[in-house]
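Written out below as structure tokens is the structure these notes cover.
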Amino acid sequence: MGAIEPDCGLLSAVRDAESASWSVRAAAGRRLAASTELAGFAHVLGHLLLDDQDTGVIQETAEALLARRDAGGLRTVLAALARAASTDALDELGAAVDCNPLWMTAEGTARLLIQLQELAADDDAGVRSEALRILAPIPEAPDE
């Protein structure tokens, strides 16, 4: 038994993230977002979430990350949102976070609030700031 072989599909996705084709980059974002090793691809995902050539790449990658329904996916999107400089990236990432249909149910809202509260204490100042910004207008539940 030798060393663990790298996942060829994920290595291909990393290469595809640099493609000239927006649809290939978007597909790469979806594949990387589904990885169990999300942190290992944070840099590439961040690049895709701030794609300066096509908002479709941003949208597809953000939606795939949020579809994970975990704090890691949300964290990756919030980190990009904190670094976004273009109006297009800000609009796409903001819409992905603010209009996510997965959070329109009681269960989804509860999950989102728990994740945002966790991310409000994140080591990354940008992630913390975005989590707190989203939480700010939400009233705290009264003590029972």
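A quick note: this is a predicted structure, and the numbers were derived from the prediction, not measured. Any value given below was found using the heavy atoms of this structure, including those in side chains, with hydrogens, waters and symmetry copies removed.
- The main-chain N or O of Thr105 is found under 3.5 Å from a side-chain atom of Thr109 such that the two form a donor-acceptor pair.
- Of all non-hydrogen atoms in Leu38 and Leu45, the two that sit nearest each other are CD1-CD1, 3.3 Å.
- Under the 4.5 Å side-chain criterion, counting only non-hydrogen atoms from C-beta, Leu116 is not in contact with Leu132.
- Under a hydrophobic-cluster definition in which Ile, Leu, Val, Met, Phe, Trp and Tyr are linked whenever side-chain heavy atoms come within less than 4.5 Å, directly or via other members, Val44 and Val24 are assigned to different clusters.
- A distance of 5.0 Å separates CD in Gln59 from CD in Glu92, rounded to the nearest 0.5 Å.
- The two atoms that bring Ser35 and Phe41 nearest to each other are OG-CE1, 3.6 Å, heavy atoms only.
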message: Test side-chain contact (heavy atoms from CB on, under 4.5 Å) on Leu48 and His43; report intermediate values, then the result.
response: CA-CA 9 Å; Leu48 292 167; His43 179 74; over 6 Å; no
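- Atom-to-atom distance recorded for Leu66:CG and Gln115:CD is 9.0 Å, nearest 0.5 angstrom.
- Judged by distance alone, the side chain of Arg128 and the main-chain N or O of Asp123 form a donor-acceptor pair under 3.5 Å.
- Nearest heavy atoms, Ala84 versus Leu93: CB-CD1, 4.3 Å.
- Counting only heavy atoms from C-beta outward, the side chains of Leu74 and Leu65 never approach each other to under 4.5 Å.
- At a threshold of 4.5 Å between non-hydrogen side-chain atoms, the residues Ser12 and Arg31 count as touching.
- In this structure, the side chains of Asp91 and Thr55 stay at 4.5 Å or more apart for every pair of heavy atoms.
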message: Determine whether Leu50 and Ile58 satisfy the following criterion, side-chain contact (heavy atoms from CB on, under 4.5 Å), listing intermediate values before the conclusion.
response: CA-CA 6 Å; Leu50 298 173; Ile58 298 169; over 6 Å; no
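- Salt bridge absent: Asp16 and Arg25 never bring a charged side-chain N and a carboxylate O closer than 4.0 Å.
- Here the shortest heavy-atom pairing between Val14 and Leu32 reads CG2-CD2, 4.1 Å.
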message: As a quick check of understanding, evaluate side-chain contact (heavy atoms from CB on, under 4.5 Å) for Val57 and Thr61, giving each step before the final call.
response: CA-CA 6 Å; Val57 176; Thr61 304; 4.2 Å; yes
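- Note that the CG atom of Leu113 and the CH2 atom of Trp103 stand 10.5 Å from one another [nearest 0.5 Å].
- Taking each heavy atom of Ala28 and Ala13 in turn, the nearest pair found is CB-O, 3.3 Å.
- Rounding to the nearest 0.5 Å places CG of Asp124 at 10.0 Å from CG of Leu119.
- Contact detail for Leu135 and Ala120: the closest heavy-atom pair is CD1-CB, 4.2 Å.
- The only member of Leu102, Asp98, Val97 that meets side chain to side chain contact (heavy atoms under 4.5 Å, CB included) when paired with Asn100 is Leu102.
- Note that CD1 of Ile134 is 5.0 Å distant from CG of Leu78, once rounded to the nearest 0.5 Å.
- Each salt bridge (charged side-chain N to carboxylate O under 4.0 Å, His left out) pair with one or both residues in residues 63-76, not counting sequence neighbours, appears once here: Arg68-Asp70, Arg75-Asp122.
- Inspection of the Ser21 and Ser19 side chains reveals no N or O donor paired with an N or O acceptor under 3.5 Å.
- In this structure, the separation between CE on Met104 and SG on Cys99 is 6.0 Å, given to the nearest 0.5 Å.
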